[in-house]
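Scope of the values below: all heavy atoms of this structure, side chains included, with no hydrogens, waters or symmetry mates.
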Amino acid sequence: MAKRKEPTELDADAFARDGYIVVDSFLSPEQLHALRAECSRLYAATTPEALVDLGCVLDPFASAHMSRRTRTTRDGYLSAREAVAPDTDARVEELLFTDLPRMMASLFRTFSGTTDGLYFFNEHYVVKPPATQVEFRWHQDDAEQLAMCVHRASIPWYLSAWCALDDVTETNGALRFLPLPQHQLDVDDPADLDLSGATAPITVAAGTAVVFRSDLWHFSAVNASATARRAFYAQYSAAPIHSSPTSGDPLCCAVPVASADHKRRHLDS
C-alpha cells in the first residue's frame, strides 16, 4: 500500500492561518475503492430526485435507530454500522478511527498545544447528481448542524474532513472558502459577507482530504458535469457535543477515539 501523505508543519501553519488545509493523496487506494463502493450502493438505493430532496446527503444511518451505546462507544457504533451497511470494509473503520483521528489530533494541537480528548461526531456522503442545480451557498457547518442547540454559542468549533471520491473540478462543484484572516466568523447572514477575499474554486484529485473548521464559511457550486460528484464527510470534536446544556445525550455521536499519537503518549507515560 502506498504511503499516505501526512499533514506537515507547513500544513499546520496554513491551518492556523486560514482555518483549512488540503492534503493530497490522503486516502489510500484501498480506502478510496471501499468508500466509492459503499457510496455507490447507497446511491443505487435512491434516485437523483430523491437525493436532491435530501440535500444531496447519503447517510447510512438515515432510517436506523441509534442507541446511546451506538452513539458513544466504538464497538457499539461499528456493530450498528455493520447492521445498516453489511458490506462495510475494514478500511473504512481504519479511516474513521485511526487515520483521520491522527490528523485531527495534530490540527487541534495547533491551537491548544495538547489534545485531552478526541471524539468522532458524524459521517455521511455528499453526492451531487449529474446536471443538477443544487449548490451549497455560503454557510458554516456548525450553524447548520447546531441550529437547534440553545447552547450553541458555548460549543467550540470542531473539524470536518471532506474527502473527494472523484476528481473535483470547477464544473462539478468545487469548494470555496472564506479564510480566517477575513475575520467574519461572527457574521450571521451570508448576505453580509465580504467575499472579496474568498478562495477560487479548489480543484482536487480523488483521494484528497480537505479539512476545515466548523465555523469557517464555505460554498460549493452546482454540478454541471455528466457524472455524479461524490465526497465522504467525517467530523470530529475535541469534546462531546451534547444535545442540550443539561443533557448527557450526544447530539449525534460522541465516540472517544485515540489517535496513534495518543496511544504513543500513553505508552510513554
Side-chain angles (χ1 to χ4, degrees), residues 7-24 26 52 55-57 103-104 106-112 121-122 124 126-128 132-164 166-205 208-225 229 231-238 241 251:
T8 65
E9 289 184 10
L10 291 177
D11 291 325
D13 290 342
F15 179 77
R17 181 187 67 240
D18 298 329
Y20 77 94
I21 58 170
V22 177
V23 185
D24 297 328
F26 181 78
V52 167
C56 295
V57 171
M103 176 165 58
M104 298 302 178
S106 70
L107 294 177
F108 277 123
R109 278 198 307 277
T110 298
F111 284 83
S112 65
F121 175 57
N122 182 41
H124 55 264
V126 180
V127 180
K128 289 188 175 182
T132 49
Q133 296 303 306
V134 178
E135 67 178 8
F136 297 127
R137 299 186 178 183
W138 288 101
H139 67 284
Q140 299 160 297
D141 278 357
D142 55 10
E144 301 286 329
Q145 294 179 301
L146 309 180
M148 301 303 292
C149 294
V150 297
H151 61 311
R152 175 187 160 195
S154 67
I155 299 175
W157 55 264
Y158 46 97
L159 288 173
S160 300
W162 186 95
C163 301
D166 301 294
D167 292 344
V168 179
T169 68
E170 293 189 28
T171 302
N172 67 3
L175 292 172
R176 297 178 64 197
F177 291 101
L178 193 59
L180 285 179
Q182 306 306 314
H183 298 300
Q184 297 180 63
L185 298 180
D186 294 329
V187 172
D188 293 323
D189 187 344
D192 295 330
L193 290 172
D194 176 4
L195 299 177
S196 60
T199 68
I202 298 174
T203 59
V204 299
T208 299
V210 184
V211 183
F212 52 97
R213 286 172 43 153
S214 61
D215 56 357
L216 197 68
W217 288 95
H218 58 287
F219 165 94
S220 68
V222 301
N223 178 9
S225 75
R229 191 225 67 185
F232 178 68
Y233 224 83
Q235 297 174 303
Y236 298 81
S237 61
I241 299 176
L251 177 65

inquiry  = So if I apply the ring-ring contact (aromatic ring centres under 6.0 Å, His included) rule between Phe212 and each of Phe177, Tyr20, Phe219, which one comes out positive?
reply    = Phe177
query = With a 4.5 Å heavy-atom cut-off, do Met148 and Leu251 have their side chains touching?
reply = no
key: Heavy-atom closest pair, residues Leu178 and Gly197   = CD1-C, 4.0 Å
ask   = Which pair of non-hydrogen atoms, one from Arg176 and one from Ala198, has the smallest distance, and what is that distance?
value = NH2-CB, 3.6 Å
inquiry  = Looking at Asn172 and Arg229, would you say the former's side chain and the latter's main chain have a donor-acceptor pair under 3.5 Å?
reply    = no
ask   = What is the distance from atom CD1 of Ile21 to atom CE of Met103, rounded to the nearest 0.5 Å?
value = 6.0 Å
request  = Check whether any side-chain heavy atom of Val210 lies under 4.5 Å from a side-chain heavy atom of Val168, and answer yes or no.
outcome  = no
Set of residues satisfying side-chain hydrogen bond (donor to acceptor under 3.5 Å, both in side chains) with respect to Ser237, sequence neighbours excluded = none
key: Minimum heavy-atom distance Phe26-Ala209, with the two atoms named   = CB-CB, 3.7 Å
inquiry  = Can you list everything that forms a ring-ring contact (aromatic ring centres under 6.0 Å, His included) with Phe121? Sequence neighbours excluded, please.
reply    = Tyr158
query = Between Val222 and Lys128, is any pair of side-chain heavy atoms under 4.5 Å apart?
reply = no
key: Where Met104 and Ser160 come nearest, the two heavy atoms and their spacing   = CE-C, 4.4 Å
query = Does Pro190 have any side chain to side chain contact (heavy atoms under 4.5 Å, CB included) partners at least two apart in sequence or in another chain, and if so, which?
reply = Trp138, Leu193, Trp217
inquiry  = With rounding to the nearest 0.5 angstrom, report the OH to SG distance, Tyr233 to Cys163.
reply    = 10.5 Å
inquiry  = List the residues meeting side chain to side chain contact (heavy atoms under 4.5 Å, CB included) with Ala143, not counting sequence neighbours, and say none if there are none.
reply    = Gln140, Arg152
message = Going by side-chain hydrogen bond (donor to acceptor under 3.5 Å, both in side chains), name the residues that satisfy it together with His139, two or more places apart in sequence or in a different chain.
response = His218
request  = Please examine the side chains of Asn122 and Gln145, heavy atoms only from C-beta on, and report whether any two atoms are closer than 4.5 Å.
outcome  = yes
note = Smallest heavy-atom separation, Ala16 atom then Leu180 atom, equals O-CD1, 4.1 Å
query = How far apart are the closest heavy atoms of Asp194 and Ser196, and which atoms are they?
reply = OD1-OG, 2.8 Å
request  = Check whether any side-chain heavy atom of Asp142 sits under 4.5 Å from a side-chain heavy atom of Ile155, and report yes or no.
outcome  = no
inquiry  = According to side chain to side chain contact (heavy atoms under 4.5 Å, CB included), who are the partners of Thr171, at least two apart in sequence or on a separate chain?
reply    = Thr169, Ala224, Ser225
ask   = Roughly how far, to the nearest 0.5 Å, is CG of Asp18 from CG of Leu216?
value = 8.5 Å
Partners passing side-chain hydrogen bond (donor to acceptor under 3.5 Å, both in side chains) against Glu135 (at least two apart in sequence or in another chain) = Arg137
ask   = Can you list the residues that meet the side-chain hydrogen bond (donor to acceptor under 3.5 Å, both in side chains) rule with Arg213, with sequence neighbours excluded?
value = Asp215
inquiry  = Less than 4.5 Å apart, side chain to side chain, heavy atoms only: is that true for Trp162 and Ile202?
reply    = no
query = So how far is it from Thr203 OG1 to Leu175 CG, rounded to the nearest 0.5 Å?
reply = 11.0 Å
inquiry  = List the residues meeting side chain to side chain contact (heavy atoms under 4.5 Å, CB included) with Asp189, not counting sequence neighbours, and say none if there are none.
reply    = Ala191, Asp192
